[in-house]
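Structure first, then comments.
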Amino acid sequence: MDFEPGPDVVALQRRLEEFMDRYVLPYNAAWHNAVAEGSYPPPFLEDLKALARSEGLWNLFLPGLRDHEPGSRLSNLAYAPLAEIMGRLPWASEVFNCSAPDSGNIELLHRFATPEQAAQWLTPLLEGNIRSAFAMSEPDVASSDPTELQTTVQREGGQLILNGRKWFITGAAHPNCRLLIVMCRHAGEAADASSHKRHSMVLVPLDTPGVTVVRNIAILQHHAPEGHCEILLRDVRVPESCLLGGWGEGFSMAQARLGPGRVHHCMRTIGQCELALALACERTLERRPFGRYLSDYANVQDWIAQSRIEIDQARLLVLRAAWKLDRNDAGQDIRADVAAIKVVAAQLQTRVVDRAIQIFGAMGLSPDTPLAWLWTWGRAMHFLDGPDEVHLRTIARTELAQARGRMGSSAAYFTTPEQLKAPPRIR
């Protein structure tokens, strides 16, 4: 299990770090000012995107795909450190056309779109000309059980008709969002049909009649400019050619999307935790309460050490999951590995950022540092892409299934009176 990147990947990491430091980070304050003034996306963003593209730092998660050369694609393991670097600034991924949910939607379109669908949607997404959203979670059912999703799709006269309500749909408020990929349940299908064959994905242009973006929902009082939106679908009609993949294949397609996407999410989280730890360390070297620097207090040193240990542990776990995704030629079930990194990343961010806020004091709660936003996002991650409890159940079920398979094999580790009376002979 070798996580050491090759020289080409190391060179790419250095180029990305240099670009971030030289071009992106100096615009951070301007980005926040523009968003606060209602100018989103900021006008300089297109210039940064053009510059990143000219430097070859574009579609980093799928390089070569635009030229139909899937063999040149970066592995999940190679891309993971790049996601960590971009993750330090929440808005930076868009500069390199690596934003969620576009990266996952591009993966779906690349794998399942017809040539006509690819020409209409995949190419503009790869060019960075449009944005997209993935509409799955709903307000009226427990989205932790996706088999219960209620948004329906039915076939009628060569059309697909959609009805339902989605919410917390990331990216739908972005001015350049043009496409929704909607997960739907088949209307009128028998309830005893396979629960994982009753859903399909439909490509819905955002300007289709019947599609209404009701509101951008705040997360812990923070509004994301790109949106976490509630969307109403009322008698939305699109041609049957808008079906993505096969009828009833929605769940299997979603699984193909979620694995790499969660690696991206978790590595961006680790980048944000590294930033929080760096800010906390600098703060301890500057603040001097009661005649001693914060860095001299044993409890503060413990916080710093615990954060460093936990970040490095989480990174290794995510890299292992990425490594397994890359090697999954035999179709091995790695759902537990993907579930584990999602739980660990969310817990990591709330712990590490909470310690950093405590070190900063009142400033840590203010918008003067990124810490309050980072904690908010970390807390939201306990729900995003499924609540922690669902992922823990996946891990537990995997462990229990393995235990059933080896039932009785651990009996030799017990020491019973009967075993003591008749020890085996050594021959």
- Message: Are Phe96 and Phe19 an aromatic pair, judged by ring center distance below 6.0 Å?
- Response: yes
- Is Gln117 reaching over with its side chain to a backbone N or O of Leu243, donor-acceptor style, under 3.5 angstrom? yes
- Can you check whether Asp385's main-chain N or O pairs, donor with acceptor, with Arg262's side chain at less than 3.5 Å? yes
- Message: Testing the 3.5 Å rule here: is there a donor-acceptor pair between the side chains of Asn216 and His223?
- Response: no
For residues 24-37, tabulate all N or O donor-acceptor pairs below 3.5 Å that involve a side-chain atom, not counting sequence neighbours.
residue: Asn28; atom: OD1; partner: His32; partner atom: NE2; Å: 3.4
residue: Asn28; atom: OD1; partner: Trp91; partner atom: NE1; Å: 2.9
residue: Asn33; atom: ND2; partner: Ala29; partner atom: O; Å: 3.3

- Task: Tell me, please, which residues at least two apart from Thr170 pass side-chain hydrogen bond (donor to acceptor under 3.5 Å, both in side chains).
- Result: His228
- Do Val211 and Asp207 have side-chain heavy atoms sitting under 4.5 Å apart? no
- May I ask you to test the Glu94-His174 pair for a side-chain heavy-atom distance under 4.5 Å? yes
- Task: Quick one: list whatever passes side-chain hydrogen bond (donor to acceptor under 3.5 Å, both in side chains) with Arg315, sequence neighbours left out.
- Result: Glu84, Glu274, Asp312
- Message: Testing the basics here: between Trp375 and Leu220, what is the closest heavy-atom pair and its distance to 0.1 Å?
- Response: CZ3-CD1, 3.9 Å
- 4.5 Å side-chain heavy-atom contact, Phe168 and Ile217: yes
- Message: Is there a side-chain contact between Leu60 and Met86 in this structure, where contact means two heavy atoms from C-beta onward sitting under 4.5 Å apart?
- Response: yes
- Task: Give a yes or no on whether a salt bridge exists between Glu399 and Arg404, defined as a side-chain N under 4.0 angstrom from a carboxylate O.
- Result: no
- Item | Short side-chain donor-acceptor distance under 3.5 Å, Gln272 and Gln349 | yes
- Basic-acidic side-chain contact under 4.0 Å: Lys197, Glu249: no
- Query: Does the side-chain contact (heavy atoms from CB on, under 4.5 Å) test come out yes or no for Phe360 and Leu371, once each step is laid out?
  - Reply: CA-CA 9 Å; Phe360 264 82; Leu371 295 175; 3.5 Å; yes
- Message: Closer than 3.5 angstrom, by distance alone: can the side chain of Arg131 be matched with the main-chain N or O of Leu179 as a donor-acceptor pair?
- Response: no
- salt_bridge(Arg320, Asp337) N-O dist < 4.0 Å: yes
- Query: Is the shortest side-chain N to carboxylate O distance from Lys49 to Glu46 below 4.0 Å?
  - Reply: yes
- Task: Verify, without hydrogens or angle tests, whether Ser99 (side chain) and Asp102 (backbone) share a donor-acceptor contact under 3.5 angstrom.
- Result: no
- Task: Could you tell me whether the side chain of Ser307 and the main chain of Trp303 form a donor-acceptor pair under 3.5 Å?
- Result: yes
- Message: Quick check against the 3.5 Å criterion: does Trp167 have a side-chain atom that pairs as donor or acceptor with the backbone of Glu138?
- Response: yes
- Task: Begin from the C-alpha positions of Leu325 and Val263 and carry the test side-chain contact (heavy atoms from CB on, under 4.5 Å) through to its verdict.
- Result: CA-CA 10 Å; Leu325 280 169; Val263 169; 3.7 Å; yes
- Does Arg292 make a cation-pi contact with Tyr297, if we ask for NZ or CZ under 6.0 Å from the ring centre and within 45° of the axis? yes
- Side chain to side chain, Pro370 and Leu275, heavy atoms closer than 4.5 Å: yes
- Less than 4.5 Å apart, any side-chain heavy atom of Lys324 and any of Val338? no
- Message: Between the side chains of Asp388 and Lys342, is the shortest nitrogen-to-carboxylate-oxygen separation below 4.0 Å, so that they form an ion pair?
- Response: yes
- Message: For Cys184 versus Val202, what's the shortest heavy-atom pair and its separation?
- Response: SG-CG2, 4.3 Å
- Task: Before giving the answer on side-chain contact (heavy atoms from CB on, under 4.5 Å), spell out for Val353 and Trp377 the whole-Å C-alpha distance, their side-chain angles and the decisive distance to 0.1 Å.
- Result: CA-CA 10 Å; Val353 178; Trp377 185 247; over 6 Å; no
- Could you please spell out the steps behind the side-chain contact (heavy atoms from CB on, under 4.5 Å) verdict for Trp121 and Arg178? CA-CA 9 Å; Trp121 300 117; Arg178 299 291 182 270; 4.1 Å; yes
- Message: With no hydrogens and no angle check, just 3.5 Å: does a side-chain donor-acceptor pair link Arg335 and Thr394?
- Response: no
- Task: Taking atom types as modelled, find out whether His186 and Ser200 have a side-chain donor-acceptor pair closer than 3.5 angstrom.
- Result: yes
- Task: For the residue pair Val318 and Thr269, establish whether any side-chain heavy-atom pair is separated by less than 4.5 Å.
- Result: no
- Task: Check whether any side-chain heavy atom of Thr212 sits under 4.5 Å from a side-chain heavy atom of Ile231, and report yes or no.
- Result: no
- Message: How close do Lys166 and Met136 get, counting heavy atoms only, and between which atoms?
- Response: NZ-O, 2.9 Å
